[in-house]
Amino acid sequence: MLSRNSNRMVSLTDVDKEILEILRGGRATQSYIVDETGRSRQYVHNRLGILTAAGYLENIHRKTALYELVGDPLSDEENGG
């Protein structure tokens with residue numbers, strides 16, 4: 001699925017969708033997301049960067065890599081958009 005946010009097209013991977021689902025439950029650190037997805041730290045770091053650049057996430061505390069959802073492309077998908 002391609003999603004548009006901040007005039008940037010992002011092809012969401014299955015892991016992106018897992019990350020977005022985790023963050024739908026509230027803020028989470030990169031370490032927590034790594035644990036929940038079972039993916040490598042580097043892979044999750046890269047995907048978080050892509051999702052942040054697309055405007056879906058915000059790194060609200062760089063020292064702890066705490067992220068929150070600020071734009072939910074999955075809600076558009078669920079609503080047929």
Side-chain angles (χ1 to χ4, degrees):
M1 173 212 162
L2 290 177
S3 293
R4 182 192 304 262
N5 201 11
S6 301
N7 296 323
R8 181 171 176 173
M9 296 298 285
V10 175
S11 181
L12 296 176
T13 66
D14 288 340
V15 174
D16 293 339
K17 291 176 184 180
E18 287 181 57
I19 291 169
L20 293 166
E21 283 295 334
I22 290 166
L23 291 168
R24 278 178 148 188
R27 296 173 177 172
T29 63
Q30 177 178 302
S31 293
Y32 179 79
I33 295 168
V34 166
D35 290 346
E36 289 296 302
T37 62
R39 303 296 176 145
S40 74
R41 180 169 300 282
Q42 186 61 49
Y43 185 70
V44 169
H45 176 80
N46 290 343
R47 297 316 301 173
L48 288 169
I50 290 166
L51 293 170
T52 300
Y56 301 138
L57 310 180
E58 183 177 352
N59 183 343
I60 59 172
H61 191 256
R62 292 201 187 281
K63 188 173 182 177
T64 59
L66 180 65
Y67 286 84
E68 77 177 356
L69 190 63
V70 293
D72 190 352
L74 297 181
S75 66
D76 291 339
E77 184 177 280
E78 290 168 354
N79 294 323

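Only this structure's heavy atoms are used, side chains among them; waters, hydrogens and symmetry mates stay out.
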Q: Could you pull out all residues at least two apart from A65 that satisfy side-chain contact (heavy atoms from CB on, under 4.5 Å)?
A: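 Checked A65 against side-chain contact (heavy atoms from CB on, under 4.5 Å); matches are Q30, Y67.
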
**Q.** Set of side-chain contact (heavy atoms from CB on, under 4.5 Å) partners for N46, sequence neighbours left out
**A.**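 For N46, the residues satisfying side-chain contact (heavy atoms from CB on, under 4.5 Å) (neighbours in sequence not counted) are Q42.
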
When rounded to the nearest 0.5 angstrom, what distance separates [atom1] in [X] from [atom2] in [Y]?
X: E36; Y: T29; atom1: CD; atom2: OG1; value: 10.0 Å
X: L51; Y: L12; atom1: CG; atom2: CG; value: 6.5 Å
X: K17; Y: T37; atom1: NZ; atom2: OG1; value: 15.5 Å
X: L74; Y: L20; atom1: CG; atom2: CG; value: 4.5 Å

Q.
Suppose we screen for salt bridge (charged side-chain N to carboxylate O under 4.0 Å, His left out). Which residues come up paired with R47, at least two apart in sequence or across chains?
A.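 Once residues adjacent in sequence are excluded, the partners of R47 under the salt bridge (charged side-chain N to carboxylate O under 4.0 Å, His left out) criterion are D16.
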
(Q) Please enumerate all residues that pass salt bridge (charged side-chain N to carboxylate O under 4.0 Å, His left out) together with E68, with sequence neighbours excluded. (A)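 Counting only residues at least two positions away or on another chain, E68 forms a salt bridge (charged side-chain N to carboxylate O under 4.0 Å, His left out) with R27.
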
Got a sec, which residues hit side chain to side chain donor-acceptor pair (under 3.5 Å) with [X], two or more places apart in sequence or on another chain?
X: D35; result: none
X: E18; result: none
X: S31; result: R41

Q: Show your reasoning for whether side-chain contact (heavy atoms from CB on, under 4.5 Å) applies to L69 and L57.
A: CA-CA 5 Å; L69 190 63; L57 310 180; 3.8 Å; yes

Q: Measure across V34 and S40 and return the closest heavy-atom pair with its distance rounded to 0.1 Å.
A: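 Closest approach of V34 to S40: CG2-O, 4.4 Å.
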
Q | Same apolar cluster (I L V M F W Y, side chains within < 4.5 Å links), L66/V44 | A |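 No, it is not one cluster - the side chains of L66 and V44 are not joined through contacts under 4.5 Å.
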
Q. Transitively linked via ILVMFWY side-chain contacts under 4.5 Å: L48 with I60?
A.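 No: no chain of side-chain contacts under 4.5 Å links L48 to I60.
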
Q) Hey, mind stepping through I19 and Y56 against side-chain contact (heavy atoms from CB on, under 4.5 Å) and telling me if it holds? A) CA-CA 11 Å; I19 291 169; Y56 301 138; over 6 Å; no

